[in-house]
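These notes concern the structure reproduced below.
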Amino acid sequence: MVTGYARMKDLENARRYFDEIPEKNVVSWNAMLSAYAQNGFPEEALKLFDDMMNSRDKPNETTWAIVISACSSCGDCSLADSFVQKLNQKRIHLSYFAKTALLGMYAKRGSLQAARQVFDELGVSRNTVTWNAMISAYTRVGDLASARELFDKMPERDVVTWNSMISGYAQNGQSALAIDLFKDMITAADDPKPDEVTMVSVISACGHLGALDIGNWVISIVRKNHIKLSISGYNSLIFLYSKCGSMNDAKRTFQEMTTRDVVSYNTLIAGFAAHGHGMEAVKLLSKMKGEFVEPDRVTYIVILTACSHAGMLEEGWKVFESIKAPDADHYACVIDLLGRVGKLDEAKKIIDDMPKEPHAGVYGSLLNASRIHKRIDLGEFAASTLFELEPHNSGNYILLSNIYASAGRWDDVVRVRELMRKVGVKKATGWSWLEYKGKLHKFIVGDRSHERSDDVYRLLAELGRKMRNSGYMADKTCVLRDVEEEEKEEMVGTHSEKLAVCFALLVTDAEAVIRVVKNLRVCWDCHTAMKMISNLEGRKIILRDNNRFHCFSDGICSCGDYW
DNA sequence: CTAGGGTTAG
């Protein structure tokens with residue numbers, strides 16, 4: 001009865017029957033322990049384990065497997081350590097179930113060598129679950145190569161194996177590899193069918209790539225295989241649609257859900273924030289309170305971002321003041337909010353009065369606002385702090401350099417560039433890509449391997465002429481004067497986003513919306529270029545990278561970067 | 001009665 005109710009997630013009745021058991025034995029305790037552990041209440045399981053230790057019943061192998069796993073779910077590794085120590089002292093043997101749980105605990109804690117040692121010691125008792133645990137141990141620390149090595153050489157794979165590897169790629173920024181592996185999974189003859197967990201990872205990967213066509217193909221597989229989507233499944237759909245600029249589909253999916261959790265709200269609000277729809281975001285905040293979904297720290301981050309991007313100072317400030325215990329991230333958002341509308345001195349004062357230690361994000365907001373409003377004094381202050389906090393983040397140097405450039409202080413521009421060289425940081429470059437008719441097209445500076453490179457460069461030159469004629473790139477051309485030849489390409493050269501946008505302009509001539517995706521932070525001069533193109537061509541352009549989303553229309557960007 | 005996999009963030 002206890003297990004049956006636990007499987008139906010009815011913990012109240014499970015506990016009722018458990019309490020009514022007149023003479024409990026170890027199996028009764030184990031049933032109730034796992035009822036808690038497997039339904040997301042590991043703390044309750046550990047509390048019950050305390051009761052068990054005070055009873056006449058002694059734990060067995062099964063108990064240890066549950067308890068160790070519960071410890072790692074709670075993040076209380078030291079508790080698990082003390083259990084293992086006691087067991088070793090009493091020379092009590094751990095079953096391979098418990099050892100697999102222990103492996104998982106070491107993995108969660110980041111002790112990869114310890115995890116691997118358990119894996120190796122298990123020897124012949126290794127089964128698919130053990131291999132899976134080791135694979136996710138590797139992906140958790142980002143060691144995809146080692147994970148894949150195990151994946152390739154293990155004797156048998158089940159659906160969890162595939163899910164571990166696919167989500168491993170997805171969570172480490174390898175969205176394309178996640179999708180490729182998913183394709184292998186459904187093509188392989190005797191491999192397991194994908195389940196909801198598979199689809200959640202793959203749909204999210206499509207979202208990160210902005211690959212709506214592939215995303216729709218994945219959704220068709222969900223339907224074909226009659227995979228029932230739970231809240232997380234719907235959440236991943238909201239994410240996909242939001243990232244691909246289909247806000248109507250995102251809203252529709254949200255409305256179709258019968259129950260929504262805090263992630264559903266956060267995801268849709270983030271979508272609105274990325275599109276500059278501040279009012280809709282704030283409306284969702286009151287809606288979720290009305291439905292008794294408690295906002296979490298992510299909710300406040302995305303709401304403040306939405307207000308900031310829409311220039312909604314008063315609304316955003318009210319939200320910030322309502323946060324019970326704002327952390328440094330919330331401060332970073334509110335500095336951004338104030339900074340973008342030009343209230344930089346107020347922003348600086350808030351940093352000075354912060355109850356917590358400000359982190360790089362806080363100074364980053366101030367630096368960015370200083371760039372927008374050309375405040376050299378505060379920009380220098382923020383940058384000098386950031387150079388200490390994160391000396392290898394090239395973005396900070398670029399922002400400061402751009403502040404000097406906009407003021408015509410070329411000596412200082414050169415000085416920052418020299419500092420970069422001395423510290424050994426290089427401006428980040430990377431591939432840009434976009435999806436067109438279900439195919440991903442990649443671009444990088446200087447590369448001419450794309451089939452339409454000639455056309456792309458011709459259009460680029462034409463746009464460059466238009467821009468110069470309309471007086472845009474003035475700052476950048478001036479920068480050229482005092483700079484070494486080798487640096488010219490780095491500073492004013494074409495960026496991969498520009499190539500991608502040119503391609504989009506070429507192939508989607510009739511479309512109003514162009515989607516471009518990039519794997520790195522959108523750099524500022526590219527940002528300027530996109531605003532110009534959208535202005536000159538009278539088109540809406542959606543440009544994005546993994547974390548940011550820029551929707552340009554009439555020379556204005558949804559990220560709020562236009563004051 | 002037991003171990004392994006999933007969604008959102010500036």
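Excluded from the calculations below are hydrogen atoms, water molecules and symmetry mates; all remaining heavy atoms, backbone and side chain alike, are included. From a predicted model like this one, the values you see are computed outputs, not experimental measurements. Naming: A, B, ... by sequence-line order, numbering from 1 per chain.
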Taking only N and O in the side chain of A:His208, is any of them less than 4.0 Å away from OP1 or OP2 of B:dT8?
yes

Those residues at least two apart in sequence (or on a different chain) that pass ring pair (Phe, Tyr, Trp, His ring centres under 6.0 Å) with A:Tyr331 are A:Phe320

Winner on side-chain proximity to A:Val197, out of B:dG10, B:dG6, B:dC1, is B:dG6

Between OH of A:Tyr169 and P of B:dG6 the distance, given in whole Å, is 16 Å

Is it true that the side chains of A:Tyr5 and A:Arg15 contain a donor and an acceptor less than 3.5 Å apart?
-> no

Q) Is the shortest side-chain N/O distance from A:Thr267 to OP1 or OP2 of B:dT7 below 4.0 Å? A) no

Can you classify the ring geometry of A:Trp162 versus A:Phe151 as parallel (below 30°), tilted (30 to 60°) or perpendicular (above 60°)? perpendicular

Could you go through residues 93-100 of chain A and list every donor-acceptor pair under 3.5 Å that involves a side-chain atom there, pairing it with any protein atom two or more places apart or in another chain?
{"unit_1": "A:Ser95", "atom_1": "OG", "unit_2": "A:Phe97", "atom_2": "N", "d": "3.3"}
{"unit_1": "A:Ser95", "atom_1": "OG", "unit_2": "A:Ala98", "atom_2": "N", "d": "3.1"}
{"unit_1": "A:Thr100", "atom_1": "OG1", "unit_2": "A:Tyr96", "atom_2": "O", "d": "2.7"}

- Task: Would you classify A:Asp195 as touching base, sugar-phosphate or nothing, given that sugar-phosphate means primed atoms plus P, OP1 and OP2, and contacts are heavy atoms under 4.0 Å?
- Result: base

- Task: For A:Gln171, report the nucleic acid contact type (base, sugar-phosphate, nothing); a contact means any heavy atom under 4.0 Å.
- Result: sugar-phosphate

Side-chain contact check for A:Ser201: nearest option of B:dA3, B:dG6, B:dT8 is B:dG6

The salt bridge (charged side-chain N to carboxylate O under 4.0 Å, His left out) partners of A:Glu20 (sequence neighbours excluded) come to A:Arg16

So salt bridge (Lys or Arg N to Asp or Glu O under 4.0 Å) across residues 153-162 of chain A, not counting sequence neighbours, yields A:Glu149-A:Lys153

#### Entry: Donor-acceptor pair between A:Asp296 and A:Thr299 side chains, under 3.5 angstrom
yes

Base, sugar-phosphate alone, or nothing: which one does A:Thr130 contact when heavy atoms must sit under 4.0 Å apart?
nothing

So CG of A:Asn216 and SG of A:Cys244: to nearest 0.5 Å the spacing works out to 8.5 Å

Against the side chain of A:Val129, the closest entry in B:dC1, B:dA9, B:dA3 is B:dA3

Whole-Å distance, A:Met32 CE to B:dC1 C1', equals 13 Å

A:Val27 has its side chain closest, among B:dA3, B:dG6, B:dC1, to B:dC1

Rounded to whole Å, the CZ-P distance (A:Phe320 to B:dA9) equals 21 Å

* Within the structure shown, what part of the strands sits under 4.0 Å from A:Val263 by heavy-atom distance: base, sugar-phosphate, or nothing? -> base

Next item on the list: Please work out if A:Ile66 contacts a base, only the sugar-phosphate, or nothing of the nucleic acid, heavy-atom cut-off 4.0 Å.
Entry: sugar-phosphate

Of B:dA9, B:dT7, B:dC1, the nucleotide closest to the side chain of A:Asn235 is B:dT7

Those residues at least two apart in sequence (or on a different chain) that pass side-chain contact (heavy atoms from CB on, under 4.5 Å) with A:Leu389 are A:Ala360, A:Tyr363, A:Thr385

Rounded to whole Å, CG of A:Leu229 lies from P of B:dT7 at a distance of 14 Å

In whole angstroms, the gap separating P of B:dG10 from CG of A:Asp296 amounts to 13 Å

Hits for salt bridge (charged side-chain N to carboxylate O under 4.0 Å, His left out) against A:Lys287, two or more places apart or cross-chain, chain-then-number order -> A:Glu291

Testing B:dG6, B:dA3, B:dT2 for proximity to the side chain of A:Ser34, the answer is B:dT2

Closest of B:dT7, B:dA9, B:dG10 to the A:Ser232 side chain is B:dT7

Taking B:dA3, B:dA9, B:dT8 as options, the one with an atom nearest any side-chain atom of A:Gln38 is B:dA3

Is A:Ser204 near enough to B:dT8 that one of its side-chain N or O atoms lies under 4.0 angstrom from OP1 or OP2?
yes

Between CD of A:Glu61 and C1' of B:dT2 the distance, given in whole Å, is 9 Å

Under 3.5 Å donor-acceptor pairs involving side-chain atoms of residues 135-142 of chain A, not counting sequence neighbours:
{"unit_1": "A:Ser136", "atom_1": "OG", "unit_2": "A:Asn132", "atom_2": "O", "d": "3.3"}
{"unit_1": "A:Ser136", "atom_1": "OG", "unit_2": "A:Ala133", "atom_2": "O", "d": "3.2"}
{"unit_1": "A:Tyr138", "atom_1": "OH", "unit_2": "A:Arg116", "atom_2": "NH1", "d": "3.1"}
{"unit_1": "A:Thr139", "atom_1": "OG1", "unit_2": "A:Ser136", "atom_2": "O", "d": "3.2"}

Testing B:dT7, B:dC1, B:dG10 for proximity to the side chain of A:Val200, the answer is B:dT7

Of the listed B:dC1, B:dG10, B:dG6, the closest approach to the A:Arg7 side chain comes from B:dC1

Under a 4.0 Å heavy-atom cutoff, the residues of residues 323-332 of chain A touching DNA chain B are A:Asp329

From CH2 of A:Trp29 across to P of B:dC1 the rounded distance in Å is 17 Å

| said: So A:Arg260, base contact, sugar-phosphate only, or nothing? Heavy-atom distance under 4.0 Å. | reply: nothing

Between CG of A:Leu103 and C1' of B:dA3 the distance, given in whole Å, is 10 Å

Taking pairs as Watson-Crick (N1-N3 plus N6-O4 or O6-N4) or G-U wobble (N1-O2 and O6-N3), each distance under 3.5 Å, the stems of three or more consecutive pairs with DNA chain B are none

